[in-house]
Amino acid sequence: SNTAFRGFGGPQGLLVAENWMERIAATLNIPVEKIREVNMYSEGMKTHFNQTLTNCTLTTCWKQCLELSRFNERKEKILEFNKKNKWTKRGISIVPVKFGIAFTALHMNQGGALVSVYQDGSVLLTHGGTEMGQGLHTKMIQVASQALEVDHSKIHISETSTDKVPNTSPTAASAGSDLNGMAVLQACTVIKERLAPFKAANPEGKWEDWVRSAYFARVSLSSTGFHATPDIGYDFKTNSGNAFNYFTYGVACSEVEIDCLTGDHQVVSTNIVMDLGESINPAIDIGQVEGAFMQGYGLFMLEQILYTPKGALITRGPGAYKIPSFNDIPGEFNVSLLRGTPNPRAVYSSKAVGEPPLFLASSVFFAVKDAIGHARVENGLSRWFDMDAPATAERIRMSCVDQFTSKVAELPQPGTFTPWGIQV
């Protein structure tokens, strides 16, 4: 596939950086979680692109995830398990993520909305975002409901259309709720201010009474909203400015079990702690975290894309291209949202959730490497080894070097034969 989504290269770059952590830890014989801790961003630090981190909660997420996952206790139990089982090994890994929220193309950081109130008290809401199953419409209804102080049942969504909201930005960069939510809030605030005199004149009245009074007083009950993200803009030439509006943070701990003879694996448990500010809708956000994790699991563990030497795609259809299924979901799957961490840079102190959690699935990849490492050490080999993602069954099996894999002939040198399949 040539379709980029949910990270657009970010998870791939992060995987490379976390692999550095693994290599450093193996070389120095230090637990990798200690290497990650001493290299972790904290409040007031500057990124390599010179953006100062404010409201940085990464270390808090890290500590909570260590505690909730019982990381140290599980690690000890894994050592005991691996001593007793030769062909089945377990591994564990804890991985953080820091994901910047904004379009790096400055002009895209804008959103619009149109809110219309009718005589019967119903509200019609149109915004510039596209609903694709991520719950954006639901969140926008919630924003309007809170801003207008009316029940959400009175608010109706009109599908995204450029004859209502022109020049819409893509619903991407995890910024759909941020941009459109602020635009909806602005439009609703204007209408609420227009209704304020009628509410003051009839404090015992209802929403419909105030709306009807405003209509007969010839007050406009429709308003546009527009939001342009403030204080951002990055100059690549001078490495200055703010590339992102803010950052979403999270940590995941995963435990896995592998079959050294077949390369099969199971995710025993995953615990995730995410900082999503004051979540507009925790049910939606937790679902987004779970969904992103499973998509990332496919990226790092299953979905190997192969081409013929002439460029034809081999992995076409479900017979050759494996996506995650229900049996790939962790046996124990816990998602916790960090509390008491409002985000002053987004609508109602919330945070973006779309892309950041996907990379947390790399905790499964590194937990599998940890399990393989136990098998290799048992066979007198180095704990460190290279393994590309995705960690398919054949890669796991061949990395567990033993008396059986030694019977497999090595491939000739690259360039001296024509492979049947190529991973780009």
Would you indicate whether the side-chain heavy atoms of [Y] and [X] approach each other to under 4.5 Å?
X: Val95; Y: Ser362; result: yes
X: Arg194; Y: Ser220; result: yes
X: Leu358; Y: Leu299; result: yes

Got a donor-acceptor contact below 3.5 angstrom from the Glu303 side chain to the Phe300 backbone?
no

Q: Please assess Phe244 against Phe49 for the test ring-ring contact (aromatic ring centres under 6.0 Å, His included), listing each intermediate value before the final yes or no.
A: CA-CA 10 Å; Phe244 299 106; Phe49 45 89; 5.7 Å; yes

Side chains of Ser350 and Glu278: is there a donor and an acceptor less than 3.5 Å apart?
-> no

task = Would you tell me whether Thr262 and Asp264 have side-chain atoms, one donor and one acceptor, within less than 3.5 Å of each other?
result = no

* Asked: Is the number of heavy atoms from other residues, nucleotides or ligands within 6.0 Å of CG (Asp163) greater than 12?
  -> yes

Atom NE2 of His152: over 12 foreign heavy atoms under 6.0 Å
no

Check this for me, if you would: do [X] and [Y] make a salt bridge, where the nitrogen-to-carboxylate-oxygen distance has to be below 4.0 angstrom?
X: Arg36; Y: Glu18; value: yes
X: Glu67; Y: Lys63; value: no
X: Asp370; Y: Arg383; value: yes

Atom of [X], atom of [Y] and distance for their closest heavy-atom approach:
X: Gln142; Y: Asn281; answer: OE1-ND2, 2.9 Å
X: Pro309; Y: Thr418; answer: CG-CG2, 3.7 Å
X: Thr270; Y: Pro330; answer: OG1-CG, 3.4 Å
X: Trp384; Y: Ala26; answer: CB-CB, 3.9 Å

Phe226 and His127 aromatic centres sub-6.0 Å: no

Given Phe293 and Phe333, is the ring-ring contact (aromatic ring centres under 6.0 Å, His included) satisfied, shown in steps?
CA-CA 10 Å; Phe293 180 89; Phe333 198 2; 5.3 Å; yes

- Should the pair Arg345 and Tyr246 be classed as cation-pi, given the thresholds of under 6.0 Å to the six-membered ring centre and 45° from the axis? no

Result for side chain to side chain contact (heavy atoms under 4.5 Å, CB included) between Asp328 and one of Val267, Ile323, Leu302 points to Leu302

